[in-house]
Protein chains: 2
Amino acid sequence: MSDRPRTRDDPTTEEARTFVSSGLEREAMVALFGRCRVDYEGRAASTLGPGDRLVVLKPDGTALVHTDEGQQPVNWQPPGCTHDVATEDGALVLRSERSTPRELLVVRFERLDHAVAYDGTDTNDLALTGTEDDLRQRILAEPSLIEPGFEPRATERDTPAGAVDIFGADAEGAAVVVELKRRRVGPDAVGQLTRYVDALERDLHAGREVRGVLVAPSVTDRARRLLAERGLEFVPLEPTG
Amino acid sequence: MSDRPRTRDDPTTEEARTFVSSGLEREAMVALFGRCRVDYEGRAASTLGPGDRLVVLKPDGTALVHTDEGQQPVNWQPPGCTHDVATEDGALVLRSERSTPRELLVVRFERLDHAVAYDGTDTNDLALTGTEDDLRQRILAEPSLIEPGFEPRATERDTPAGAVDIFGADAEGAAVVVELKRRRVGPDAVGQLTRYVDALERDLHAGREVRGVLVAPSVTDRARRLLAERGLEFVPLEPTG
DNA sequence: GCCTAGGTCCCGTCA
DNA sequence: TGACGGGGCCTAGGC
């Protein structure tokens, strides 16, 4: 059972600082609603002028700055950062920092409307279906979905170009590389499959032919053309059936 | 100036329904703190058992479900969805739905601890530097960064394989395809450059050689090997200098 | 720590 | 609307 969330309306800067500081110390999730500016410097650099936003600080070191639009935060810091709260020139200032790579996010509030510290428990994990792994299981359970006589020999087989999703043999015993995608594929997936096929042709006995099969629900025109150019094949298949 | 956020502590289900409903109607950002289960069905499908979470509904149709860990929401719905709030069996239930593709997110609260409706204004746009476009500008301003005598002829030049970042000519007049990356590159970027070079060699007079140059801060071993195999070149360069 | 590839990727842009 | 590629992508899994 979680503590009830603690909240503050229109806190003074000092009240807010104490509130956020103790929230972070208690490993609570802290949510702040107010008008702020945001500066970021690290892998890139950004500035964001004043606006009303939702800022979330998580106990794992995540920071999120959300505007009223978009699924993605306008600014953020990944897990592992160290959060810090201070007052500067009478204003509440959040800093979230990490090294490797060195990155710093600074949120300066010019008005803080509402603050929440939420100390919850969440032990449940997400159960997800319709992934690439489901597609793999489906094929391993019924290899003929690729073609009659197909025999899987290994998954995640290593090659100089990386790990192949499914490696197997066709009815004639020829090597087959299978690349799986859970959704409609574009040219990038063909490039991936190409690299694996090339690497295996080099790796196995020279001259041995290696077939490459792309498995996905569907394929774009350009990807289909690329497959044809490179002598690769396509098998339409959904991750769940 | 924004209205002060409206908030509710431990609302009854009916209070909560009214509160969320009017918040959505006012195009406010709604944030809910409580214990909930989440079901999703659409491009994939997922279930998530009970836990204490932060749920955010944005006026643009975005829905976010955040646990106390991770930068990414555990469940979400992209902008463009229609939010709906109802009471079912005495509990607050949120539905967020879209078509194309058909997707539905359902959040069932078994306890709602705190609710916020935040009606802010945010007119400022993010100013970001250190992007691939900065790298492009840098090269166009000083083409010799690629090599002495390099002359850019076009950006985003269209080919049957897609648009080339920078297309130009070297000191001997040979065609050069330049692919830009703002950060360290792996094998995928080599695949991209390969596609562009192949397409242009086919597109221009047959037999005309086309050089391919990958520009990035650095490159992985595997990518470097791939570049060598395929007769492509690498120029180390940062997006900002 | 880096590398590699998946993701309900999101997101902008352009046909 | 779909396709294509960028992203401070994030995240999981290996090595």
Side-chain angles (χ1 to χ4, degrees), chain A residues 40-46 62 64 69-80 98-105 126 128-133 135-136 156 158-159 161-165 179-189 191-192 195-196 218-223 239, chain B residues 40-46 62-65 69-81 98-105 126 128-136 156 158-159 161-165 179-189 191-192 195-196 218-223 239:
Chain A
Y40 155 76
E41 186 146 12
R43 287 167 291 174
S46 72
T62 299
L64 304 169
E69 285 185 344
Q71 174 176 336
Q72 298 306 125
V74 62
N75 277 112
W76 70 90
Q77 206 68 299
R98 69 163 173 168
S99 42
T100 60
R102 173 72 68 189
E103 289 195 299
L104 175 63
L105 181 74
L126 185 75
L128 181 68
T129 61
T131 64
E132 182 178 302
D133 195 57
L135 180 55
R136 175 185 292 106
E156 302 298 326
D158 225 12
T159 77
V164 167
D165 283 339
E179 173 63 27
L180 308 173
K181 293 296 171 191
R182 67 167 302 281
R183 59 171 187 169
R184 184 172 174 84
V185 291
D188 51 338
Q192 233 182 297
R195 298 205 309 273
Y196 299 147
S218 60
V219 61
T220 66
D221 273 359
R222 209 174 280 187
Chain B
Y40 156 76
E41 186 146 11
R43 288 167 290 176
S46 72
T62 300
L64 304 169
V65 181
E69 285 185 344
Q71 174 176 336
Q72 297 307 125
V74 62
N75 279 113
W76 70 90
Q77 205 69 299
C81 292
R98 69 163 172 168
S99 41
T100 62
R102 173 70 69 189
E103 290 195 299
L104 175 63
L105 182 74
L126 185 75
L128 182 68
T129 61
T131 64
E132 181 179 302
D133 194 56
D134 292 313
L135 179 55
R136 175 185 293 105
E156 302 300 325
D158 224 12
T159 77
V164 167
D165 283 338
E179 173 63 27
L180 309 174
K181 294 294 173 194
R182 67 168 300 282
R183 60 173 183 165
R184 183 171 175 84
V185 292
D188 53 337
Q192 233 181 298
R195 299 204 309 273
Y196 299 148
S218 59
V219 62
T220 67
D221 273 358
R222 198 115 76 179

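Per chain, numbering begins at 1; letters A, B, ... match sequence-line order.
- In this structure, B:E156 atom CD and D:dG5 atom P are separated by 10 Å, rounded to whole Å.
- Nucleotide D:dG7 holds its P atom 18 Å from the CZ atom of B:R184, rounded to whole Å.
- Between A:E156 and A:D165 the shortest side-chain heavy-atom distance falls below 4.5 Å.
- At the phosphate of D:dC10, neither OP1 nor OP2 sits under 4.0 Å from any side-chain N or O atom of A:Q72.
- One C1' atom belongs to C:dC11, the other to C:dG7, and the distance between them is 14 Å to the nearest Å.
- Contact detail for B:L128 and A:A44: the closest heavy-atom pair is CD1-CB, 4.0 Å.
- For D:dC4, neither phosphate oxygen OP1 nor OP2 lies less than 4.0 angstrom from any side-chain nitrogen or oxygen of B:R195.
- Closest to the side chain of B:T131, out of D:dC9, D:dG5, D:dG7, is D:dG7.
- Contact annotation: A:T220 side-chain N/O to D:dC4 OP1/OP2 distance is under 4.0 Å.
- Between the CD atom of B:Q71 and the P atom of D:dG8 there is a distance of 11 Å, rounded to whole Å.
- Nucleic acid contact class of A:E41 (heavy atoms, under 4.0 Å, all strands): none.
- With the nearest nucleotide of DNA chain C identified for both B:E103 and A:A163, A:A163 has the one nearer the 5' end.
- B:R182 and B:T131 form no side-chain donor-acceptor contact under 3.5 Å, judged by distance and modelled atom types alone.
- Regarding B:L126, its CG atom lies at a distance of 19 Å from the P atom of D:dG6, rounded to whole Å.
- For the P atom pair drawn from D:dG8 and D:dC4, the interatomic distance equals 23 Å after rounding to whole Å.
- The residue B:P101 sits apart from the nucleic acid: no heavy atom pair falls under 4.0 Å.
- Residue A:L128 contributes atom CG, which lies 13 Å from atom P of D:dA12 at whole-angstrom precision.
- Comparing D:dG8, D:dT1, D:dG6 by their closest approach to the side chain of B:T100 singles out D:dT1.
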Walk me through whether A:K181 and A:Q192 qualify under side-chain contact (heavy atoms from CB on, under 4.5 Å). CA-CA 11 Å; A:K181 293 296 171 191; A:Q192 233 182 297; 3.1 Å; yes
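- Between B:T62 and A:Q71, some side-chain heavy-atom pair lies under the 4.5 Å cut-off.
- The phosphate of D:dG5 has OP1 or OP2 within less than 4.0 Å of a side-chain N or O from B:Y196.
- Rounded to an integer number of Å, the gap from B:D133 CG to D:dG8 P is 12 Å.
- Across all strands shown, A:D221 has no heavy atoms under 4.0 Å from either base or sugar-phosphate atoms.
- You'll find the side chain of B:N75 reaches within 4.5 Å of the side chain of A:L126, heavy atoms only.
- Within the 4.0 Å cut-off from OP1 or OP2 of D:dG7, not a single side-chain nitrogen or oxygen of B:R183 is found.
- Here the shortest heavy-atom pairing between B:T159 and B:G162 reads OG1-O, 2.7 Å.
- Along DNA chain C, read 5' to 3', the first and last nucleotides having any atom under 4.0 Å from a heavy atom of chain A are C:dG1 to C:dC11.
- At a cut-off of 3.5 angstrom, the base of D:dG6 holds no donor-acceptor pair with the side chain of B:E132.
- The backbone N or O of A:R102 lies less than 3.5 Å from no partner atom in the side chain of A:S99, so there is not a single donor-acceptor pair.
- The local environment of CD in A:E41 is sparse, with at most 12 non-hydrogen atoms from other residues, nucleotides or ligands closer than 6.0 Å.
- Between A:L180 and the options A:L135, A:D133, A:V164, a side-chain contact (heavy atoms from CB on, under 4.5 Å) holds for only A:L135.
- Among the atoms of the strands shown, only primed sugar atoms or phosphate atoms (P, OP1, OP2) are found under 4.0 Å from some heavy atom of A:Q192.
- If you check every strand for non-hydrogen atoms under 4.0 Å, A:A189 touches nothing.
- For the pair A:E69/B:P79, no side-chain contact is recorded, criterion being any heavy-atom separation below 4.5 Å from C-beta on.
- OP1 or OP2 of D:dC10 lies within a sub-4.0 Å distance of a side-chain N or O belonging to A:W76.
- DNA chain D is contacted by both A:A223 and B:E69; A:A223 maps to the nucleotide lying nearer its 5′ end (nearest heavy atom per residue).
- Heavy atoms of B:G70 sit under 4.0 angstrom from primed sugar atoms or phosphate atoms, though from no base atom.
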Secondary structure string for DNA chain D (Watson-Crick or G-U under 3.5 angstrom, | for other-strand pairs): |||||||.|||||||
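- For the pair A:R222 CZ and D:dC4 P, the interatomic distance rounds to 5 Å; values are reported in whole Å.
- As rounded to whole Å, 14 Å separates atom C1' of D:dC4 from atom CG of B:D188.
- Side chains of B:E103 and B:Y40: a donor-acceptor N/O pair is present below 3.5 angstrom, by distance only.
- Comparing A:T129 and B:D158 by the nucleotide of DNA chain C whose heavy atom lies nearest to each, the residue mapping closer to the 5' end is A:T129.
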